[in-house]
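For reference, the structure discussed in these notes is given below.
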Amino acid sequence: MVRKKPTKAASSAAKESVEQSTESEQTQQQVSTAPPADDSTKESPKDGAVSNDDAVAAEPGSTPNVEKDTGAKSDTSNTSSTKNQRGQIDSMLADGLQEVDISEGNSGDSNPRTKVSSDDTPAQGTKQDAPRSPGRRPLSPNAISIMRTSSKLPATSHPLQDSEHDVGPSSSVSTPKRVSFESTAGRISVTNQGSHRTPGTAPANRSDIAEVSESEEDDPFEAQEEENRRRFRLAEQRRLQKEQLAQKCVSPEEMETMRSGLYNARESPNPIELRVLNGSFPDGLRGSLVMVGPGRFDISYNVQGELEQSTRVFTFGNLMDALPLLTKITFDPNAKTIVHRSRLIAKHMAGRIQSEHGINAKHPGSLYMSDSNQTVLTKFIPRPTYHPTAEGDCCSQSVQLFVPLQGSSQNIVCTNHTGALQNIDPVDLRPRAVVETKAINKAFACTLSSPHMQYDSDTREHFTVLQDVGFRSTTYSVVSISEAHPNGYVVATFSAQASVLHSFSITQDYIIVPVYPYEVPVGGPGYRWSDSLLETLEFDRSQYVLFYVISREYRRVHCAYKAPAFFALHQINAVQETAADSVSIDCIAYEDDTILRRLRIDSLRKANAGFAIPSAQIRRYQLQRVTMEAQRYISGAQLANIPPALPMVLRSEPAELACIGPAFSGKRYTYVYGVSHVDRLRGADAGPGSPTYAQAAGSTVYNCLVKLNIADATEAPKVWSRKHCHPSEPVFVPRSSDKEDDGYVVTVFFDSMRIASCLLVLDAATFQEILIAQLPSPVPFSFGHAKFAI
């Protein structure tokens, strides 16, 4: 490339041109669009040759006033000469014949090969430029605008700033110290000082031309928004990192909670086929295991502090109060598949706890034993009318099948102890509605109810017991719901003291309601002021348990029996002996209600805290001469005139959550299945005072399944157990034969070591494993209940 250097006269003329152009308010517009002035041209050299100083001084679109060395000025314009000069400049740049350097401080002759004499005649030995070819393509306006720009510019401007023809993605650039122009065939590249680009390479980005001056060019509001976005991105990254660390790092306290099985469960609303770990599919097993139990124990909520928000956790106090998880496991013998589905069915209540920072109980006694986290002042605040939503109540204590509600019996119904029935779709487990008993029938208004409903398969009736706690006394109502009577009817009513009633018994002719000895410490008003049932009622061992026998035929109280103080959560069976005119009631009996008070979540979560669930016995209470006592019964009679119920211990081995074959309900039976403690079973014969029994007292939750023969107390119990495994309530599923123990025992157990839950199927006769299949997510240890729908 040949470098030509402008003369002093040309440089002086260019500087004067720039000084004149910078004084105008529209300098760049004039540079780009102004036509050549008449007095801006000079005489063209002979033969159409143009000198380099003229090429610089007589730029198209500018109006320089050029003087000759002789001092004479040109008075006329030559338009054709100006066009010829433009063509020569474009030709030289397009052919790559020269590089024009207009950088500041380089006016001297540094390249002798391109030196031009002062009389506009080319120096000897210098190649004269040929005229522009007619077919040569002219340069773009950008290139022409660049050539017209002088190097004598203010320090705060840039040759391309505010240009009409922008180059690059941004129009706001700063001023470089040095700008050079390199021309190749058909391409123009611009480089700033320090950028050593090779001619012929790809055009530079705008960021290569100059650095952005944020202090002078950027909008302050835009800069502030960008800074806010940057800070938000950093905060979001820190939050995600904390979450990842929290997932990877588990504290010892959290691990202890997870191993206890009492932590928030994950629902699986979509059907998932289970993977079989051991065994094979049980032959002929068809139907669905439906079980309800606690699923959510802790609910986080935000509290606004003085400077920032803080997160707190509301934890239920009692296992009976936790929000429910409903699980359904379906067996398909044709496809040999087992499908699991589960759903949390009290999401609206969880949201209400988050917004209210606790439980605003709809009426006293709504909780078993949990701190509602509400002040006394909330009692005086008027509350809106309570309208339960489909997931707005905690129905976690029992499950029933095919209860006629809202015009259909194709449903699953979950219940609690406050008279709420949650109607659930049996296919996808989606809650339909929460129905209160008083919505079924106005006569069913109540404060408390029995979570365990009883079903008579012969009459297809569902029975339950309601309590309406008043100022001085409590009214008990035994009610019936059936497809024949969808609005139900009241079987009988009677008055007694308030009690914690979890279950009751029925026979062909009678309904037996046990009333356990409780007292209200401060009387009626004291009950009204407490949200927790066990904090209001106190068990009184000095009083008797009363069994009220109600005639289903005459719909009235037939008679009553008394027994020494005890407490039972679950009834196993009731058998009516017509010939002997007696009724036998089998139940899981405790000395008092400590079992309910020991189901505290904070204690159950600590495996080595020395905490133990009390043991129970399988007892039978005989109610003799029922017909004769009915003739003598007088409502409100003195205790001395009430006949006794005779207790008898059927098995001394501890058991809970017991079940029998459904075909033997209301009949004589032999086998009972339940959960127990392995160590306590070994020391049961020695009695509670033995060292073995005392050692087993440290067992926190049940760790085995047991099969007991109540007809023969000498027969050793059959036990299933695995290390670190805690089963829930077992369900007996019969085969086709009439043999009592010909069937399957189905349940779910929690593995505290693997922190996983599995489905377990046992042969009811041999109590051997048939199948173990892993569930997709852990199911918390449950004191809830299950049913099997065939």
Side-chain angles (χ1 to χ4, degrees), residues 253-254 256-265 292-301 303 311-325 344 346 349-376 378-379 392-398 415-418 420 447-448 451 498 500-502 518 520-521 526-539 567 569 590 592-607 609-614 656 700-702 780-784:
E253 293 78 9
E254 292 175 337
E256 186 178 31
T257 299
M258 295 173 66
R259 292 194 183 282
S260 70
L262 303 180
Y263 67 101
N264 291 349
V292 66
R296 198 165 183 183
F297 307 89
D298 307 295
I299 299 176
S300 301
Y301 61 91
V303 177
T311 302
R312 298 181 183 177
V313 178
F314 173 85
T315 301
F316 290 97
N318 195 279
L319 194 63
M320 296 287 194
D321 296 328
L323 300 185
L325 172 72
L344 296 168
M349 185 173 181
R352 199 163 64 244
I353 293 174
Q354 285 181 332
S355 61
E356 298 175 358
H357 302 173
I359 298 178
N360 196 352
K362 61 181 180 180
H363 57 71
S366 297
L367 303 170
Y368 266 94
M369 201 172 182
S370 294
D371 184 5
S372 62
N373 200 31
Q374 302 292 307
T375 63
V376 179
T378 57
K379 305 292 182 183
D393 213 329
C394 179
C395 300
S396 62
Q397 297 177 30
S398 187
T415 61
N416 62 11
H417 71 285
T418 60
T447 308
L448 302 174
V500 178
L501 181 62
H502 195 72
Y518 279 91
V520 180
Y527 171 77
R528 286 294 180 185
W529 287 113
S530 180
D531 293 331
S532 294
L533 185 61
L534 297 179
E535 292 177 354
T536 303
L537 302 179
E538 290 184 359
F539 192 86
F567 179 77
L569 280 173
Y590 297 87
D592 52 26
D593 66 346
T594 306
I595 177 65
L596 281 179
R597 303 178 188 273
R598 288 289 182 90
L599 294 179
R600 294 194 59 83
I601 294 175
D602 56 351
S603 299
L604 292 174
R605 283 176 169 175
K606 300 176 182 178
F611 171 81
I613 292 178
E656 186 50 275
T700 304
V701 293
Y702 306 109
F781 163 75
S782 174
F783 215 80

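- Residues Asn373 and Ile359 form no side-chain contact, since every pair of their non-hydrogen atoms from C-beta on lies 4.5 Å or further apart.
- Residues Leu533 and Val500 have side chains in contact (heavy-atom distance under 4.5 Å, counting atoms from C-beta outward).
- No donor-acceptor pair under 3.5 Å is formed between the side chain of Ser372 and the backbone N or O of Asn360.
- How far CD1 of Ile601 is from CZ of Phe297: 5.5 Å, rounded to the nearest 0.5 Å.
- Side chains of Leu596 and Met369 form no contact here, defined as non-hydrogen atoms less than 4.5 Å apart.
- The closest side-chain heavy-atom distance from Phe316 to Leu262 is not below 4.5 Å.
- Using a 4.5 Å cut-off on side-chain heavy atoms (C-beta onward), Asp371 and Phe314 make no contact.
- Nearest heavy-atom pair across Thr418 and Ser366 is CG2-CA, 3.8 Å.
- Across all non-hydrogen atoms, the minimal contact from Leu325 to Ala265 is CD2-CB, 3.9 Å.
- For Asn416 (side chain) and Cys394 (main-chain N/O), a donor-acceptor pair under 3.5 Å exists by modelled atom type.
- Inter-residue side-chain proximity for Phe783 and Tyr702 is flagged as met; some heavy-atom pair is nearer than 4.5 Å.
- Between the CE atom of Met349 and the CD1 atom of Ile299 there is a distance of 7.5 Å, given to the nearest 0.5 Å.
- For the pair Gln397/His502, a side-chain contact is recorded, criterion being any heavy-atom separation below 4.5 Å from C-beta on.
- Evaluation of the side chain to side chain donor-acceptor pair (under 3.5 Å) rule for Thr311 yields Asn302 as partners, not counting sequence neighbours.
- A donor-acceptor pair under 3.5 Å is absent between the side-chain atoms of Ser396 and the main chain of Pro324, judged by distance alone.
- One side chain, Thr315 or Asp298, offers a donor N or O that lies under 3.5 Å from an acceptor on the other.
- Judged by distance alone, the side chain of Asp531 and the main-chain N or O of Gly365 form no donor-acceptor pair under 3.5 Å.
- Atom OG1 of residue Thr257 and atom CG of residue Asp602 lie 10.5 Å apart, to the nearest 0.5 angstrom.
- The closest donor-acceptor contact from the side chain of Arg598 to the backbone of Pro614 lies at 3.5 Å or more, if one exists at all.
- No donor-acceptor distance shorter than 3.5 angstrom exists from the side chain of Ser532 to the backbone of Leu367, with no hydrogens or angles considered.
- Expressed to the nearest 0.5 Å, how far CD1 of Ile595 lies from CD of Glu656 amounts to 6.0 Å.
- Ser398 and Pro451 get closest at one heavy-atom pair: CB-O, 3.5 Å.
- A pairwise comparison of heavy atoms in Phe781 and Ser260 identifies CB-O, 4.3 Å as the closest pair.
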Using the rule given for side-chain contact (heavy atoms from CB on, under 4.5 Å), can you reason through Leu448 versus Leu501, listing the C-alpha separation, both sets of side-chain angles and the distance that settles it, and then say yes or no? CA-CA 8 Å; Leu448 302 174; Leu501 181 62; over 6 Å; no
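- Taking every heavy atom of both residues into account, Leu537 and Ala498 meet most closely at CD2-CB, 4.3 Å.
- Contact annotation: the side chain of Ser300 approaches that of Val313 to within less than 4.5 Å [non-hydrogen atoms, C-beta and beyond].
- Ring geometry for Tyr368 versus His417: interplanar angle of 30 to 60°, hence tilted.
- Of all the heavy atoms in Ala350 and Arg296, the pair that sits closest is CB-NH1, 3.4 Å.
- Here the CZ-CD distance, from Arg605 to Glu254, works out to 10.5 Å after rounding to the nearest 0.5 Å.
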